[in-house]
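Keep in mind that this is a model prediction, so the values were computed, not measured.
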Amino acid sequence: MEPVHPEFVPDASLSREEMEALQRDIAEQAVFTDDLPVDPESVCHTRDAGQQRLDETESTGSDEPPTVVGVDQAFLDDDRAVSALVAMRGGEVVERVHAVAPTEIPYIPGLLSFREGGAILAGFRELTVEPDLAFFDGSGRIHFREAGLATHVGVTLDLPSVGVAKNLLCGTPRAPTDGLVEGDRVPIESNQKVTAPDGTVIGYAVQTRQYDSPNRHVNPLIVSAGHRVSAETAADLVLACSAGYKLPEPTRLADKYADEAKATVT
DNA sequence: GCGACAG
DNA sequence: ATCTTGTCGC
């Protein structure tokens, strides 16, 4: 698929000020409320043949499960990134594509999409299936200007998106995020470093997996809305797509595929 | 000057 | 993100 908003395609040649200005424009276009064709309850559930046939018989139109894409990146060297996309439908992988693109700028907190966005959009250009939702590795609305990687790419493609990060970029957890039980979530509120009004819930710390004994423990994922999804639904979707691992399946498989693709490319 | 930060 | 074997604990 191609960008719906070419003017938002990340341009690494912009000055830092211009990049930040673009992020403010993107945040204005971003929709942080639900506007997606995906039901959190049945997103990643595999349906048996009997159920599939029953559904097709009872409805007039096509009601196949939504297509969810997991996106992740790996690096070949300091100036080339590999983006890996794994598309899933009804709990099964339906397509895997990858693309290589130059990383024109170094990693700068808050400007990640300008470093990795090019490779990601190149990956989407290779994608054949029509995605209904995408999970990105990084933040969405949990960002200084409410335009993290997931929001930037989501708005550019006008694709419902969710940001799944392993660490908190900014914002303040409303309560301690340790010692959570699987399924738990703690709101992340905006503070003075975020453009949103103080106290706005910009995301959630989501415990997708946890050990039961007091020794080892798993840190929660930091989930935020990318585009056309609310913070609550973003958390629901991540939990719904998690299957015994810390990362939701689409992301976990994209992670693995990124390494495979990296080993393949020269 | 202090603080501080996705991948 | 990346460099990387063994190893601690379920």
Trainee: Is a side-chain donor or acceptor of Glu104(A) paired with a backbone partner of Ala12(A) at a separation under 3.5 angstrom?
Mentor: no

Trainee: Which is the 5'-most and which the 3'-most nucleotide of DNA chain C that has an atom under 4.0 Å from a heavy atom of chain A?
Mentor: dA1(C) to dC10(C)

Trainee: Output every pair passing side chain to side chain donor-acceptor pair (under 3.5 Å) with a member in residues 238-250 of chain A, not counting sequence neighbours, ordered by first then second residue.
Mentor: Glu249(A)-Arg252(A)

Trainee: Which comes earlier along DNA chain C counting from the 5' end, the contact point of Lys262(A) or that of Arg216(A), where each point is its nearest nucleotide?
Mentor: Lys262(A)

Trainee: Considering heavy-atom distances to DNA chain C, does Asn215(A) or Asp259(A) have its closest nucleotide positioned more toward the 5' end?
Mentor: Asp259(A)

Trainee: Look at all strands and tell whether Ala74(A) reaches a base, only sugar-phosphate, or nothing, counting heavy atoms closer than 4.0 Å.
Mentor: sugar-phosphate

Trainee: For DNA chain B, which nucleotides open and close the run of contacts to chain A, 5' to 3', at under 4.0 angstrom from a non-hydrogen atom?
Mentor: dA4(B) to dG7(B)

Trainee: List the steps and the verdict of side chain to side chain contact (heavy atoms under 4.5 Å, CB included) for Leu157(A) and Leu121(A).
Mentor: CA-CA 9 Å; Leu157(A) 296 172; Leu121(A) 289 175; 3.8 Å; yes

Trainee: Side chains of Pro220(A) and Val186(A): closer than 4.5 Å at any heavy-atom pair?
Mentor: no

Trainee: Treat a base pair as Watson-Crick or G-U wobble with both distances under 3.5 Å, then lay out DNA chain C in dot-bracket form, 5' to 3', with | for cross-strand pairs.
Mentor: ..........

Trainee: Does atom NE2 (His5(A)) have a neighbourhood of more than 12 heavy atoms from anything else shown, all under 6.0 Å?
Mentor: yes

Trainee: Transitively linked via ILVMFWY side-chain contacts under 4.5 Å: Leu159(A) with Leu36(A)?
Mentor: no

Trainee: Can you find a heavy atom in the side chain of His143(A) that is under 4.5 Å from one in the side chain of Thr151(A)?
Mentor: no

Trainee: Could you check whether Ile142(A) gets within reach of a base, just the sugar-phosphate, or nothing at all, counting any heavy atom under 4.0 Å?
Mentor: nothing

Trainee: Passes side chain to side chain contact (heavy atoms under 4.5 Å, CB included), Gln23(A) versus Phe114(A)? Steps please.
Mentor: CA-CA 10 Å; Gln23(A) 293 183 320; Phe114(A) 289 91; 3.8 Å; yes

Trainee: Is it the case that atom CG in Asp198(A) sees more than 12 heavy atoms from other parts of the structure closer than 6.0 Å?
Mentor: yes

Trainee: Thr200(A): what forms a side-chain contact (heavy atoms from CB on, under 4.5 Å) with it, not counting sequence neighbours?
Mentor: Arg141(A), Ser190(A), Ala196(A), Pro197(A), Ile202(A)

Trainee: Check whether any side-chain heavy atom of Asp178(A) lies under 4.5 Å from a side-chain heavy atom of His217(A), and answer yes or no.
Mentor: no

Trainee: Any residue in residues 101-125 of chain A with a heavy atom nearer than 4.0 angstrom to DNA chain B? Just list them by number, or reply none.
Mentor: Tyr107(A), Pro109(A), Gly110(A), Leu111(A), Leu112(A)

Trainee: Please answer: with hydrophobic residues joined when any side-chain heavy atoms are less than 4.5 Å apart, are Leu127(A) and Val71(A) in the same cluster?
Mentor: yes

Trainee: Regarding Tyr204(A) and Glu232(A), do their side chains bring together a donor and an acceptor under 3.5 Å, going by distance alone?
Mentor: yes

